[in-house]
Every structure is written in C-alpha cells, then in structure tokens.
Amino acid sequence: MIDLLTFLVEKLSVLSHFKLFGFRRFEQELEERKTLGHHAQYLMRGDLLEVPRILFTHYGIYMGDNKVAHLIPDILPVITNDNTAIRTAITNKRLILGCIYKCACVRFDTLEDFAFGSKIIVNQIDKLFKAQPFPNEMVANRAEELIGAIPYSLLWNNCEHFVTYCRYGSATSQQTEKFCQFLKSIIRDQRSAILTVFFGVLSIILFGMGLSTTLPTILVPFTLWMAS
C-alpha cells in the first residue's frame, strides 16, 4: 500500500512539474529577458508568439497591423458557412465542442485577444528548434495560406503544430512530446499494473462481479504489465 501511495504522489509531482513548474519557468524567463508585452510596434510580421496559460501554452504567428494568426478549436465552421459569425470571438462552449468534434480554424485575432491578458514571448522556440526559421515574410505567407477550417487534434494537430509548420516547415509540438513521455513513464512503471488491480478489485467489491467490472480488472493490469 505504501508503494502505491508513493507511486501516486510521484506521478502527481511529475504532472505538476510538467506544466505548473514549467509555468514558473516561463515567468522567470519573462523577467530575465526584455519583455515586449502587447506593444505591436516591437513585433515583426512573421514572429512566432507564445502565451503561457495555466495548463498549456498557446501559439500564434504575428501578421502585422496588430493581428495574430492562430489555430484554435471551434465548432462553428462545422455548422455554418457564415464567415461573419465564425469571425466573432470564440466562446468556451465553441472551443470545447470544437475539441470534441476535432474541428478548428486558423483565424486572425487582435494581439490583445490572442494574449488574453498575458505577456507574450517572442521567437523563444528558435532557441530550441534545430532547423533554421524561414524568412519572416515567408512565415506569414504560410500562415495566411492556412486561414480557414482545419482538422484538429489535441495531441497531433494543435496550435503549436501550426506555428512550427509555418516557421520551420515541420509540424511538431514539444507539449505533445512531454505529455507522451509522461504517459510512457506511467505505462512502463510496473506499479501502474498493481494499482489497476487494486482499483479493479475495489470496483468488484463495490459494484459486484460482472463483465463490466471483471474484464477490465483482468485485461487492463495484464496489458500494463506486459507493456512495462
């Protein structure tokens, strides 16, 4: 039991470090480097912008004239062709339904709407990406070519994939890679199988022995054990 509790605490700590500590790192970087804030006059067309959120980082391409092109989940392009309605501010309901339906759009928003009250980091990925960025004008042109509805995937086609494709020619996401590494660490840890056995037996005790409780209790731990 102590091992299981230790395992849970350990994974929760990793998850916290995955983003919450990462958010603090972004805050430190913002203090250490010259912060551009929301002053569009300091930005160049084609700059890659990132805005740290609580659970993730949102990305966009600066297009000039105080406009940012970014990929964001949206259900509205699925149910209407009214561009005027689609261009209105995306509500949380539209965003969540877009995630579920796997539909997004690449759209222009003002720098202020894109930042949503947060400070902006400019071209930070240039330091981490192996490939050299395209010229800024080419980056902006590539972003403009993708304006409109686009398939969405939280892990495989998100806002970070969009900006890295535009700026470097290769659609990748460090956020996805970190999340997958986190999942891999859970799957490869044999204590995960033991933990699922514990919860499986608990479900049988609480809900009785049946196909819906017994089968997962056998298959899930077996699969995790074989994968570890």
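Residue numbers count from 1 along this sequence.
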## Note on the structure
Closest non-hydrogen contact found for I121 with P52 is CD1-CG, 4.1 Å
#### Entry: Closest non-hydrogen atom pair, I86 against P77
CD1-CA, 3.9 Å
## Note on the structure
d(L202 CG, T217 OG1) to nearest 0.5 Å is 9.5 Å
### Task
Would you name the heavy atoms of A143 and F162 that are closest together and state the gap between them?
CB-CZ, 3.9 Å
### Message
With a 3.5 Å distance limit and no angle check, can you tell me whether Y168 reaches the backbone of D126 through a side-chain donor-acceptor pair?
### Response
yes
### Shortest non-hydrogen contact from R167 toward D47
NH1-CA, 4.2 Å
### Task
Could you give me the CA-CA distance, side-chain angles and deciding distance for S192 and D189, then say whether side-chain hydrogen bond (donor to acceptor under 3.5 Å, both in side chains) is met?
CA-CA 6 Å; S192 297; D189 196 316; 5.2 Å; no
### Query
Could you state the interatomic distance from OG1 (T80) to CD1 (I75), rounded to the nearest 0.5 Å?
12.0 Å
### Within one Ile-Leu-Val-Met-Phe-Trp-Tyr cluster: L215 and F198, side-chain cutoff 4.5 Å
no
### Query
Is the backbone N or O of N66 less than 3.5 Å from a side-chain atom of Y62, with the two atoms forming a donor-acceptor pair by type?
yes
### Message
Could you measure the distance from the CG atom of N158 to the OG1 atom of T176? Nearest 0.5 Å is fine.
### Response
5.0 Å
### Task
Spell out, as yes or no, whether a donor-acceptor pair under 3.5 Å connects the side chain of N136 to the backbone of R45.
yes
### Message
Under 4.5 Å between side-chain heavy atoms, counting indirect links through other Ile/Leu/Val/Met/Phe/Trp/Tyr residues: same cluster for V122 and L128 or not?
### Response
no
### Query
Distance-only, no hydrogens or angles: does the T214 side chain make a donor-acceptor pair with backbone N or O of L211 under 3.5 Å?
no
### Message
What I want to find out is whether D65 reaches K67 closely enough, with some N-O distance under 4.0 Å, to be called a salt bridge.
### Response
no
### Query
SG/C105 to CD1/I90 distance, rounded to the nearest 0.5 angstrom?
4.5 Å
### Query
Between R94 and L76, is there a donor-acceptor pair closer than 3.5 Å when you use the side chain of the first and the backbone of the second?
no
### Message
Membership question, hydrophobic clusters at under 4.5 Å side-chain separation (ILVMFWY): are L146 and I72 in the same one?
### Response
no
### Query
Just by distance, do the side chain of N157 and the backbone of P151 share a donor-acceptor pair under 3.5 Å?
yes
### Query
Within a strict 4.5 Å, meaning less than it, do heavy atoms of the E144 and F108 side chains meet?
yes
### Message
With clusters defined by side-chain heavy atoms of hydrophobic residues (ILVMFWY) lying less than 4.5 Å apart, directly or transitively, does L206 cluster with V197?
### Response
no
### Query
Do the ring planes of F56 and H58 sit parallel (below 30°), tilted (30 to 60°) or perpendicular (above 60°)?
perpendicular
### Task
Would you confirm whether S173, through its side chain, and E160, through its main-chain N or O, come within 3.5 Å as a donor-acceptor pair?
no
### Task
Test side chain to side chain contact (heavy atoms under 4.5 Å, CB included) on F114 and L49 and set out the steps.
CA-CA 10 Å; F114 168 78; L49 311 181; 3.8 Å; yes
### Query
Rounded to the nearest 0.5 Å, how far apart are CD of E50 and OG of S118?
12.0 Å
### Nearest heavy-atom neighbours spanning C159 and Y59
SG-N, 3.6 Å
### Task
Flag the pair L97 / V78 as yes when at least one side-chain heavy-atom distance between them is below 4.5 Å, and no otherwise.
no
### Task
Can you measure from OG1 (T196) to CD1 (I218) and round to the nearest 0.5 angstrom?
12.0 Å
### Query
Checking D74 side chain against G98 main chain: does a donor-acceptor pair fall under 3.5 Å?
no
### Query
Do any N or O atoms from the side chain of R107 and from the backbone of T88 form a donor-acceptor pair under 3.5 angstrom?
yes
### Message
Surrounding OH of Y101 (heavy atoms of other residues, nucleotides or ligands, distance under 6.0 Å), is the total greater than 12?
### Response
no
### Message
Taking the side chain as everything from C-beta on, heavy atoms only, tell me whether D109 gets closer than 4.5 Å to V68.
### Response
no
### Task
Determine, stepwise, if the pair V106 / L71 fulfils side chain to side chain contact (heavy atoms under 4.5 Å, CB included).
CA-CA 4 Å; V106 176; L71 186 154; 4.1 Å; yes
### Message
Are I150 and V163 linked, directly or through intermediate hydrophobic residues, by side-chain heavy-atom contacts shorter than 4.5 Å (ILVMFWY only)?
### Response
yes
### Query
Can you name the closest pair of heavy atoms from G46 and V139 and give their distance?
O-CG1, 3.4 Å
